[in-house]
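All remarks here apply to the structure that follows.
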Amino acid sequence: MAMCSRAAAAIRRRGGVALAPPHARAMASLFGHVEPAPKDPILGVTEAFLADPSPDKVNVGVGAYRDDNGQPVVLDCVREAERRIAGNLNMEYLPMGGSIKMIDESLKLAYGEDSEFIKDKRIAAVQALSGTGACRLFADFQRRFLPDSQIYIPTPTWSNHHNIWRDAQVPQRTFTYYHPESRGLDFAGLMDDVKNAPNGSFFLLHACAHNPTGVDPTEEQWREISYQFKVKNHIPFFDMAYQGFASGDPERDAKAIRIFLEDGHQIGCAQSYAKNMGLYGQRAGCLSILCEDEMQAVAVKSQLQQIARPMYSNPPVHGSLVVSIILNDPELKSLWLKEVKGMADRIIGMRKALKENLEQLGSPLSWDHITNQIGMFCYSGMTPEQVDRLTNEYHIYMTRNGRISMAGVTTGNVAYLANAIHEVTKTK
Amino acid sequence: MASSSVFAGLAQAPEDPILGVTVAYNKDPSPVKVNLGVGAYRTEEGKPLVLDVVRRAEQMLINNPSRVKEYLPITGLAEFNKLSAKLIFGTDSPAIQESRVATVQCLSGTGSLRVGGEFLARHYHERTIYIPQPTWGNHPKVFTLAGLTVRSYRYYDPATRGLDFQGLLEDLSSAPSGAIVLLHACAHNPTGVDPTLDQWEQIRQLMRSKSLLPFFDSAYQGFASGSLDKDAQSVRMFVADGGELLMAQSYAKNMGLYGERVGALSIVCGSADVAVRVESQLKLVIRPMYSNPPIHGASIVATILKDSDMFNEWTVELKGMADRIISMRQQLFDALKTRGTPGDWSHIIKQIGMFTFTGLNSDQVAFMRQEYHIYMTSDGRISMAGLSTRTIPHLSDAIHAAVTKLK
């Protein structure tokens with residue numbers, strides 16, 4: 001129906017008369033002027049992949065984990081948690097701020113089991129609709145209580161970050177991050193931008209496994225960034241969508257956050273369980289803001305709830321039950337840690353395999369960045385034209401910025417993928 | 001020492017008036033306390049209820065090992081969307097057959113209202129929405145934050161405890177052409193007062209003559225009368241005239257899925273072409289809010305709606321809930337009559353749905369909380385779902401005392 005109506009519109013534009021479908025009413029619409037929205041750049045890739053009939057097709061577009069057979073995975077710890085929920089628990093409304101149990105466990109993961117901030121009740125935290133929802137609550141909160149503030153966003157970043165702060169009506173600026181020549185971090189450029197930003201600016205930082213580049217600062221670099229933030233009184237907002245998924249160790253992946261906490265920053269943090277617990281569609285996440293004291297934390301939490309209430313009233317219960325059950329049960333938590341490490345290890349293995357394959361093919365280029373980068377994504381350095389060739393000639397689907405989702409790479413397709421990449425990059 | 005926070009001057013938000021009632025109730029140690037505050041169904045034993053058919057659907061989902069938990073599309077579960085549109089508009093609805101309905105899964109009624117409001121603020125030429133006086137406490141905030149200006153139209157008549165129909169018609173008549181009008185599809189919250197079908201027809205004619213855009217909030221389909229079709233009549237009347245409207249649907253109460261946050265926003269458009277473009281723009285509202293909606297509750301709903309046995313089972317359980325509430329109304333009315341409580345209490349059995357607007361004033365409400373441990377919102381709204389045969393005598397004693405001792 002969609003194609004037909006678009007064709008009809010095209011005919012009309014060219015001055016011809018389109019034959020209206022038989023049952024269409026010629027009713028004037030109050031929404032007749034509404035433009036078709038552009039497709040989402042990331043999600044549009046999977047749509048195109050699904051439509052491709054080729055048996056060789058490879059989807060290294062969307063960032064959802066796949067096992068070595070290219071299949072989506074439900075973790076065993078999640079299956080067990082769901083077995084415990086079904087038939088046993090009711091579906092009553094959660095409080096506006098969400099599940100206290102889930103929040104408590106989430107804070108321990110991000111801030112540390114023995115965090116003094118947790119003990120002192122200084123963290124305002126609410127359950128949120130995965131990472132997106134957590135970022136949006138923070139952006140709306142920033143708009144309401146600091147209407148003159150803006151947010152600095154790294155270049156590049158997950159494209160939806162720009163949409164979130166735009167819809168929250170918080171002005172955004174960018175800061176230097178990725179260094180195309182080295183396919184690594186432009187640390188000097190980053191520090192310049194940090195120093196040149198007005199004092200007290202808000203900065204969005206990817207806690208680990210930067211999306212889309214996979215390029216993370218080293219520990220030493222994080223310390224320097226944190227120090228400069230102190231000098232400038234900047235406020236760090238961490239988006240942590242891959243804790244555990246980057247190195248395989250959640251404690252290690254939270255290192256940047258812990259450094260900033262040690263240095264006395266009052267951080268904001270968005271956490272997501274979409275990837276590290278495979279809960280994607282359950283929309284399970286948490287937003288936290290470290291405050292001066294307990295009283296302020298209570299006030300901030302109450303205000304975050306006031307933002308959630310007119311958006312969705314209270315967050316979905318199912319995902320929060322899965323998270324709480326797993327993290328509260330030592331055996332299940334242990335199983336989860338094992339499974340998360342398994343996913344991270346498979347990805348690290350595929351990075352190694354892809355790089356080795358390219359080297360064996362005699363590629364003239366350096367592919368060190370494939371194993372230097374971390375997390376689900378590899379910023380290959382390929383141009384949009386090269387990506388288009390991969391899609392058109394080899395049925396390989398990825399976003400046109402050259403981002404490869406390593407989770408889509410398997411022992412079954414890594415050679416094919418390496419060969420295709422080699423073919424489109426060997427000249428130039 | 002921690003440095004001064006940028007949020008140092010921030011004040012604590014006032015407690016939500018509706019949820020605050022339950023907070024106070026929970027603190028009360030009295031063995032005779034009754035919670036008539038929040039609108040979640042309770043059994044005769046005062047317990048929350050998960051429908052049998054929902055439990056069945058849950059098990060089916062668990063037992064299916066091939067089920068995964070990937071992201072839904074931005075617009076949600078496609079099957080759920082189609083089935084939801086059929087449920088509210090009717091399976092034979094011409095709007096559906098002509099592909100003129102854009103439906104997106106949202107977070108229950110609240111989420112559907114917010115997404116619809118944001119869409120209108122961006123794409124509709126009129127930014128004013130008229131909401132009934134009174135209405136659910138969250139409505140004004142939802143629409144204001146969506147970017148609309150909120151005005152009200154007369155609705156409830158305290159003198160009759162019924163509909164102020166003249167006032168309603170006058171206020172809608174003087175609304176600017178094209179203004180948006182929020183309509184409760186059935187079981188008006190908080191009053192329980194609904195227009196008759198004749199009155200709905202008059203409202204429809206008036207609205208269409210002034211190009212007022214209807215935005216329906218349907219939170220109680222099937223829950224009000226016990227019949228899904230009957231409770232959708234007001235909506236279907238508007239669709240039948242070929243006009244456009246917005247519809248926010250919730251499965252919180254009628255399927256007992258409260259915390260799963262299951263709902264749908266449908267926009268009935270003038271043509272299929274417009275519906276496609278409208279849907280694409282709805283995605284742009286949703287993506288920066290939460291990317292895509294939660295999968296669990298919608299999967300349960302789709303499982304039930306697409307299986308005719310399970311659908312029928314659902315209608316039986318739904319009617320059971322509605323019947324229990326209707327029975328509570330009758331019992332409360334009878335109890336007050338028996339006690340000879342002064343005043344006309346017929347509104348208790350005339351009003352429909354989960355709530356009764358008792359007509360008690362805030363002093364009387366406070367008295368009932370103090371002396372009888374009865375918890376309700378200060379506007380005198382009681383949730384009939386919170387009553388049982390066992391607690392009716394206590395409540396009617398309390399009302400009797402409040403009405404005779406205080407004015």
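Every chain is numbered from 1, with letters handed out A, B, ... down the list of sequences.
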Practice task
Look at the rings of A:Phe202 and B:Phe7 and say which category their plane angle falls in: under 30° parallel, 30 to 60° tilted, over 60° perpendicular.
Solution key: tilted
Problem - Mutual orientation of the aromatic rings belonging to A:Phe31 and B:Tyr124 [parallel < 30°, tilted 30-60°, perpendicular > 60°] - result: tilted
Does any heavy atom of chain A fall under 4.5 Å from the side chain of [X], the backbone, both, or neither of them?
X        : value
B:Pro293 : backbone
B:Ile74  : side chain
B:Asn138 : side chain
B:Gln281 : both
B:Leu284 : both

Completion exercise
In terms of heavy-atom pairs under 4.5 Å with chain B, the winner among A:Gly200, A:Ser149, A:Ala299, A:Pro315 is A:Ala299
Handout entry: Nearest heavy-atom neighbours spanning A:Met91 and B:Glu58
Key = CE-OE2, 3.6 Å
Exercise for the section: Taking the side chain as every heavy atom from C-beta outward, state whether B:Met289 and A:Tyr312 have any pair of such atoms under 4.5 Å apart. Expected result: no
Practice task
State whether a side-chain donor-acceptor pair under 3.5 Å links B:Arg287 with A:Asn163.
Solution key: no
Handout entry: Any donor-acceptor N/O pair, A:Arg283 side chain to B:Asn292 backbone, under 3.5 Å
Key = yes
Problem - Proximal component of A:Asn314, with respect to chain B [non-hydrogen, under 4.5 Å] - result: both
Completion exercise
Across all chains, not counting sequence neighbours, the ring pair (Phe, Tyr, Trp, His ring centres under 6.0 Å) partners of A:His234 are A:Phe203, A:Phe229
Problem - chain B-proximal positions within residues 130-139 of chain A [heavy-atom distance under 4.5 Å] - result: A:Thr132, A:Gly133, A:Arg136
